[in-house]
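Each chain gets a letter, A, B and so on, in the order its sequence line appears, and its residues count up from 1. Values in this document were obtained by computation on a predicted structure and should not be read as measured data.
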Amino acid sequence: MINYLGLENYFLIFIKIFFIIFSVLNLIFSLIVVKQVTSMSKDINDKFNFILISFSYLYVILSILLILSMIAL
Amino acid sequence: MNRSKDLDIIAPDDPIISPKKPTIVTYKPESPSATLSPSDEVKAEDNTFKQEVYNLLGHSKSSFSNFLVNPKVLTFSEQDEDEVIYLAVRPHLISNFSWIGLSILMSIIPLFFSYLNFFDFLPISYRFSAVFFWYLITFIFSFEKFLSWYFDFYLITNKRIVDISFNNLLNKHFAQTDISMIQDVSSSIKGIMGTFFNFGDLLIQTASEINQINFEKVPNPQKIIKLIKELQELEKSSQLGGQDD
């Protein structure tokens, strides 16, 4: 029983590490998205660009929240 | 018949001719361009052609439309100061159908797994984080696809034809050709969807270094061809006018 719980702990730790790695990659990607959306908005100026840039920043905030929630597991 | 009273001057049977009212002669310039400066003249020409474009293509309803006629807000970084965009076209809305369907499917997947109790062996906090992560991925997938569509523009201006597209947010593609360099324009509408929603590909062959520009899945290809033809005629007539001067 104790061994089983130990394995379960290792499994959860493995999942946690896996989640954190992917969350960090996701955060990096979100920063790329912000950069790209800003650059695209400079290239093509339209009245909805502000909304799109806001969405990209929202995605960065959510990605940071995701990392925090993964660390808090 | 009235007879003249001044019989010494006029013969008796001559009719009375009343004196003509003085006519007011007003000066009218021969053409509106006679009083306009060259820049105003260009603007006036552009406005006239803009009206012709409206007559040819109709009006667009919103900025999210895939067929923007004479867009007022839209500009692009390579645009010249005196360059006017007559038409901005994106791929047809229906071309987004596949990724929208996939996004909806991705949104349903966590509900499906929770219904089957697939991840019940994991603690609730892990499950919550996993679902949160999954929805973020779904969101960014949809957002990326939307941006690729939204910033994929084919522009027809008074000077040139421009193709701007961003592939996967990381690659920017820019191609342009002058109106005078266009040699051939051909269109093809394929499949049930293309025929039903009237969208297809437009191939513009040019004499420039980029020998062809391909408008993919654009709505109303026939109307675009008409506009290009009009612009070519305008270009030819302005060139002839320049030679005459």
Side-chain angles (χ1 to χ4, degrees), chain A residues 4-73, chain B residues 60 62-66 68 71-79 85 88-90 119 121-155 162-174 176:
Chain A
Y4 172 73
L5 284 173
L7 274 177
E8 195 178 339
N9 275 337
Y10 281 128
F11 178 67
L12 290 178
I13 288 166
F14 172 74
I15 287 178
K16 189 175 173 176
I17 291 167
F18 176 81
F19 276 166
I20 289 170
I21 289 168
F22 275 88
S23 306
V24 171
L25 290 175
N26 186 53
L27 178 65
I28 293 166
F29 186 67
S30 69
L31 293 171
I32 292 169
V33 169
V34 169
K35 174 80 181 64
Q36 280 304 109
V37 173
T38 316
S39 129
M40 283 154 117
S41 303
K42 277 178 193 164
D43 280 338
I44 296 172
N45 186 24
D46 200 359
K47 64 180 172 185
F48 291 110
N49 286 359
F50 172 72
I51 297 169
L52 298 175
I53 293 169
S54 309
F55 265 106
S56 64
Y57 277 107
L58 176 73
Y59 183 64
V60 173
I61 293 165
L62 289 174
S63 301
I64 293 166
L65 279 178
L66 179 72
I67 291 178
L68 293 176
S69 76
M70 293 295 179
I71 291 168
L73 283 175
Chain B
S60 47
S62 80
S63 287
F64 279 110
S65 169
N66 44 30
L68 298 165
K72 284 165 192 161
V73 184
L74 187 76
T75 54
F76 61 102
S77 57
E78 292 86 357
Q79 189 172 0
I85 301 173
V89 196
R90 294 187 181 104
F119 289 110
F121 64 94
L122 285 173
I124 187 80
S125 58
Y126 278 71
R127 272 186 275 164
F128 173 77
S129 296
V131 169
F132 185 31
F133 186 39
W134 180 259
Y135 277 118
L136 268 188
I137 288 171
T138 307
F139 170 75
I140 200 60
F141 168 76
S142 317
F143 191 53
E144 186 266 315
K145 290 288 178 189
F146 174 77
L147 289 173
S148 294
W149 170 78
Y150 188 77
F151 287 108
D152 190 359
F153 267 114
Y154 306 108
L155 306 167
V162 181
D163 171 13
I164 306 172
S165 58
F166 294 85
N167 300 321
N168 306 319
L169 295 180
L170 300 172
N171 309 317
K172 184 190 170 185
H173 166 79
F174 180 88
Q176 63 114 30

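Taking the six-membered ring where tryptophan is involved, the planes of A:Phe22 and A:Phe18 are tilted, since the angle between them lies from 30° to 60°. The aromatic rings of B:Phe139 and B:Phe143 sit parallel to each other, their planes meeting at less than 30°, with 60° as the upper class boundary. Ring pair A:Phe19/B:Phe133 is perpendicular by interplanar angle, where above 60° counts as perpendicular and below 30° as parallel.
Both the backbone and the side chain of B:Leu74 come within less than 4.5 Å of a heavy atom of chain A. In this structure, chain B has no heavy atom under 4.5 Å from any part of A:Ser30. Of the atoms belonging to B:Phe174, not a single heavy atom falls under 4.5 Å from chain A. No part of B:Ala88 comes within reach of chain A, as not one of its non-hydrogen atoms sits under 4.5 angstrom from that chain. Heavy-atom distances place the side chain of B:Leu122, and not its backbone, under 4.5 Å from chain A. In this structure, the portion of B:Lys172 lying under 4.5 Å from any heavy atom of chain A is its side chain and not its backbone.
When the shell of 6.0 Å around CZ of A:Phe55 is examined, it contains 12 or fewer heavy atoms from other residues, nucleotides or ligands.
Ranking A:Asn26, A:Val33, A:Val37 against chain B, the residue ahead of the rest is A:Val33, based on heavy-atom pairs under 4.5 Å. For the set A:Ile32, A:Leu65, A:Leu12, the entry with the most heavy-atom pairs within less than 4.5 Å of chain B is A:Leu12. Among the candidates A:Gln36, A:Met40, A:Lys35, the residue making the largest number of heavy-atom pairs closer than 4.5 Å to chain B is A:Met40. Ranked by heavy-atom pairs shorter than 4.5 Å toward chain A, the options B:Ala130, B:Ser129, B:Pro123 are led by B:Ser129.
Atom CG of A:Leu62 is separated from atom CG of A:Leu27 by 11.0 Å, given to the nearest 0.5 angstrom.
The cationic atom of B:Arg90 (NZ for Lys, CZ for Arg) lies less than 6.0 Å from the six-membered ring centre of B:Tyr150 and within 45° of the ring axis.
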- prompt: How far apart are the C-alpha atoms of B:Asp152 and B:Phe166, what are their side-chain angles, what is the distance that settles it, and do they pass the side chain to side chain contact (heavy atoms under 4.5 Å, CB included) test?
  reply: CA-CA 6 Å; B:Asp152 190 359; B:Phe166 294 85; over 6 Å; no

